[in-house]
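These numbers come from a predicted model, not from an experiment. These numbers come from the heavy atoms of this one structure, side chains and all, not from hydrogens, waters or symmetry mates. Every chain is numbered from 1 and lettered A, B, ... according to where its sequence line falls, protein lines coming before strand lines.
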Amino acid sequence: MPELPEVETIARGVDERLRGDRIIDAWFGSHKEPFKTPPSSLAAGLEGRTILRVRRVGKHIVCELGDGTGSSRVAEWIVHLGMTGQLLVTTPEASVAAHTHARLALASGREMRFVDPRRFGRLELRDLKTAKAFAGPGAEPLTISEDEFVKLFRGRRLAIKAALLNQTLLHGVGNIYADESLFRAGIRPRRMAGRLKRAELLKLRAALIEVLEHAIELGGSSVSDYVDADGARGFFQLEHRVYLRTGEPCLVCGTPIKRIILAGRGTHFCIQCQR
DNA sequence: ATATGGCCCTGGTTGC
DNA sequence: TGCAACCAGGGCCATA
């Protein structure tokens, strides 16, 4: 499940490899789900465009596109990976994986491919003549100030874990990093967000930033089918302290890790270390 | 207005 | 051993 660190790793990889390249041909599959923008409009908006820069916004990958004549942005290709999406840079000869929904042929001779078995991912084209640059639904966890972070949860009558997963508050945090940051901050996932003290929220913010930055350093967590733009796996799953460790001893106190369902998601925590 | 729960999807796992 | 039911969860939408 690609979250902020996985999406950041992929965006950086694609940026390194494809910055300055040009899209010369676009092919799309026939399933309708991945397309927020219809394939015909996508093709028209992508072909002939140059890739100026690739960056991450929340859990979205944004490819900034130029018209080929200069360095000004004319459009953005926005990729959301859903649960099982992959954005890969390959040679044209590389075997085409099942569930490949998009293939972009590039002037350099390579291809960018979007593969997504479960089709929870989304592809969108944003024309900057008629729309604003994509800013994401919420605030960036890595750059939000202490005061802004505290303000996000004020008066919220829902569990702190559910609040962390709400992309319109903070974007980029998913199930893994919600559980891991709450463990590192010593906060129970069911605590009501609006009842947390400022000091606890500041501890959560620091824990979240630390865990996200560490995960980016390790190339993300490969728990299901996550791979980066080259198809390589990440290593942060080896650093997980609670996620998918149900029944295993807490690495701090030895108490078995407990699993509950919260906001419809598997939720892992230590009843001793988290209060 | 905000919060909650069901749904979409496929593949891996579990259970009979 | 084989097959079917079940579960995983990000985001969206209907409902409370």
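Between A:H101 atom NE2 and B:dT10 atom C1' there is a gap of 10 Å when expressed in whole angstrom units. The distance between atom CD1 of A:I61 and atom C1' of C:dG10, rounded to the nearest whole Å, is 15 Å. To the nearest angstrom, C1' of C:dG10 lies 11 Å from CG of A:L81. Spacing between atom CG of A:L262 and atom C1' of B:dT4 amounts to 12 Å, rounded to whole angstrom units. The interatomic distance linking A:R154 (CZ) with B:dT2 (P) rounds to 16 Å, in whole Å. One can place NE2 of A:H99 at 10 Å from C1' of B:dC9, the figure rounded to the nearest angstrom. Counting to the nearest Å, the P atom of C:dA8 and the CD1 atom of A:I260 are 13 Å from each other. For the pair A:L169 CG and B:dA3 C1', the interatomic distance rounds to 12 Å; values are reported in whole Å.
Of the candidates B:dA3, C:dG10, B:dC9, the closest approach to any side-chain atom of A:E33 belongs to B:dC9. For A:R259, taking side-chain heavy atoms from C-beta onward, the closest of the listed nucleotides C:dA8, C:dG10, B:dA3 is C:dA8. Ranking C:dG10, B:dC9, B:dT4 by closeness to the A:R119 side chain, first place goes to B:dC9.
The ring pair (Phe, Tyr, Trp, His ring centres under 6.0 Å) check on A:H240 picks up A:F236, A:Y243, with sequence neighbours excluded.
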Let me have the donor-acceptor pairs involving side chains of residues 151-161 of chain A, under 3.5 Å, with sequence neighbours excluded, atom names and distances please.
residue	atom	partner	partner atom	Å
A:R156	NE	A:L152	O	3.4
A:K161	NZ	A:N175	OD1	2.5
A:K161	NZ	A:D179	OD1	2.7
A:K161	NZ	A:G266	O	3.3
A:K161	NZ	A:T267	OG1	3.0

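A sub-4.0 Å separation between OP1 or OP2 of B:dC8 and a side-chain N or O of A:R118 is absent.
Hydrophobic clustering of Ile, Leu, Val, Met, Phe, Trp and Tyr side chains at less than 4.5 Å, counting indirect connections, keeps A:I78 apart from A:F35.
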**OP:** Summarise how protein sits on nucleotides 11-16 of chain C as a single string, 5' to 3': B when a protein heavy atom is under 4.0 Å from the base, S for sugar-phosphate-only contact, - for no contact.
**Re:** BS----

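The backbone N or O of A:A105 lies less than 3.5 Å from no partner atom in the side chain of A:D25, so there is not a single donor-acceptor pair.
A donor-acceptor contact closer than 3.5 angstrom is absent between the side chains of A:D228 and A:T9. Side-chain contact of A:D67 with A:T69: a donor-acceptor pair under 3.5 Å is present, judged by distance alone.
Between A:L170 and A:E140, the shortest heavy-atom distance links the atoms CD2-C, 4.5 Å.
A:G266 comes within 4.0 angstrom of the backbone, heavy atoms only, and of no base. The residue A:Y243 sits close only to the backbone: its heavy atoms come under 4.0 Å of sugar-phosphate atoms, none of a base.
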